[in-house]
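Please read the structure below before turning to the comments.
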Amino acid sequence: MKIEVNTHSKNMMRLAEEHPEVVVMSADLGTSCEIKEFHDRFPERYFSMGIAEQNMCSWAAGLAREGFRPFLHTFSVFLYRRILDQLEMSVAYPNLPVVFVGFVPGITTPGGVSHQSTNDVGVLRTIPNLAIFDVGDATEIEGVLDMAYQYNGPVYIRMLRKEVPRFFPANEPIQFNHARVLSEGTDITLLSSSICTEEAMRATAALKEKGVSIQHLHVSTLKPFTDPQVVEACQKAKYGVITIENGTVIGGLGTAVAEVMAENGIGKKLIKVGLNDTYAHGASKMYLLKKYGMDAMTLIGAVEKLMGKKLDIAEHDLEEIRFEDFSAV
């Protein structure tokens with residue numbers, strides 16, 4: 001399993017070389033958001049806005065109206081909770097091509113509730129015109145900026161950083177509103193996103209050893225959510241459907257899947273794995289995943305619940321963990 005370093009940094013500079021109207025804006029977190037090298041290479045296209053995210057959003061709207069393509073960079077929590085009014089009125093309402101690149105999404109930071117964007121997807125899914133992308137590995141980081149550029153409207157990206165594993169083939173880039181099929185099966189349908197896809201892959205490998213047939217989809221476009229593969233996958237599940245996401249189960253991936261199942265009359269059981277109407281403590285990613293029941297063993301327990309039997313899988317039966325990010329800054 002290959003580990004890539006500072007993938008977003010390289011990708012951001014590559015996009016800027018191809019599109020001279022691309023500019024980068026930072027809210028005083030350039031190094032933490034992998035844009036220091038961009039500043040060094042394109043200083044005239046780099047705007048350091050300080051710790052003033054609302055002002056940065058308003059500036060971005062003005063730049064977009066003048067033909068520029070702004071890419072805003074800070075921690076994801078500051079790109080929705082702190083600037084929601086400016087995001088809606090200045091960017092989403094006029095449908096401007098502004099890209100919000102949010103780092104350390106969900107529980108990937110030990111910074112505690114002030115730095116953890118755990119309900120961002122639920123909040124932002126309600127905003128018209130806004131697309132939401134949630135990357136799962138280095139391959140998707142490499143393609144998500146092009147996808148955002150081509151969308152040509154407001155985009156929010158939940159971005160991973162630093163040392164990120166490559167789970168998906170480099171020649172199979174991220175696709176707009178199109179899930180990746182990671183395994184085929186008919187017993188259980190599993191839909192995962194963000195860092196939780198690694199936990200899902202760890203679980204499905206162990207479940208297959210026990211003869212469980214898993215249809216596993218990795219979802220990277222959380223809005224719009226009209227991929228026909230989701231309907232097909234949920235319909236074929238014999239025992240039921242499970243979702244796992246890096247955030248609250250209220251309003252996010254699990255809710256989107258529940259809506260699709262209801263709208264299409266799919267009468268199957270659904271278990272949503274994620275934060276259950278709570279804030280998270282500040283700690284390492286793996287500690288938080290285990291504490292709040294968002295890890296591979298929790299998934300296996302959900303499968304056992306749907307199937308009505310124990311599968312005798314222990315922690316030591318799972319593959320090793322490959323993505324870690326303990327840095328608060």
Next on the checklist: Test: salt bridge (Lys or Arg N to Asp or Glu O under 4.0 Å). Region: residues 100-124. Which pairs qualify, not counting sequence neighbours?
Outcome noted: Asp120-Arg158
Checklist entry - Can you list the residues that meet the salt bridge (Lys or Arg N to Asp or Glu O under 4.0 Å) rule with Glu34, with sequence neighbours excluded? => result none
Checklist entry - For Met49, does its backbone N or O pair with a side-chain atom of Asp28 as donor and acceptor, under 3.5 Å? => result no
Checklist entry - Is a side-chain N or O of Ser9 found less than 3.5 angstrom from the main chain of Asn6, in a donor-acceptor match? => result no
Checklist entry - Residues two or more places apart in sequence or in another chain: which of them pass side chain to side chain contact (heavy atoms under 4.5 Å, CB included) with Thr31? => result Lys36
Checklist entry - Would you call Arg202 and Glu315 a salt bridge, using N to O less than 4.0 angstrom? => result yes
Checklist entry - Okay, side chain of Gln116, backbone of Thr109: is any donor-acceptor separation there less than 3.5 Å? => result yes
Item to check | Any donor-acceptor pair under 3.5 Å from Lys272 side chain to Ile244 backbone | outcome: no
Pair up each side-chain donor or acceptor in residues 249-259 with any protein partner under 3.5 Å, not counting sequence neighbours, and list the distances.
residue	atom	partner	partner atom	Å
Thr255	OG1	Val249	O	3.2
Thr255	OG1	Gly251	N	2.7
Glu259	OE1	Arg125	NH2	2.7

Item to check | ring pair (Phe, Tyr, Trp, His ring centres under 6.0 Å) between Tyr46 and Phe42, worked out | outcome: CA-CA 6 Å; Tyr46 181 96; Phe42 304 105; over 10 Å; no
Checklist entry - Below 4.0 angstrom, N of the basic side chain to O of the carboxylate: do Lys285 and Glu199 qualify? => result no
Checklist entry - Is it true that a side-chain atom of Asp227 and a backbone atom of Gln229 form a donor plus acceptor pair closer than 3.5 Å? => result yes
Checklist entry - Between Leu29, Val101, Ile51, which is the residue that forms a side chain to side chain contact (heavy atoms under 4.5 Å, CB included) with Thr74? => result Leu29
Checklist entry - Is a salt bridge present between Asp187 and Lys236, judged by a nitrogen-to-oxygen distance below 4.0 Å? => result no
Checklist entry - For Phe168, does its backbone N or O pair with a side-chain atom of Thr139 as donor and acceptor, under 3.5 Å? => result yes
Checklist entry - Is the closest basic N to carboxylate O distance between Lys210 and Glu304 below 4.0 Å? => result no
Checklist entry - Excluding sequence neighbours, so at least two apart, what forms side-chain hydrogen bond (donor to acceptor under 3.5 Å, both in side chains) with Glu17? => result Arg41
Show me the donor-acceptor pairs within less than 3.5 Å that the side chains of residues 82-93 make with the rest of the protein, sequence neighbours left out.
residue	atom	partner	partner atom	Å
Arg82	NH1	Glu53	OE1	3.3
Arg82	NH1	Glu53	OE2	3.4

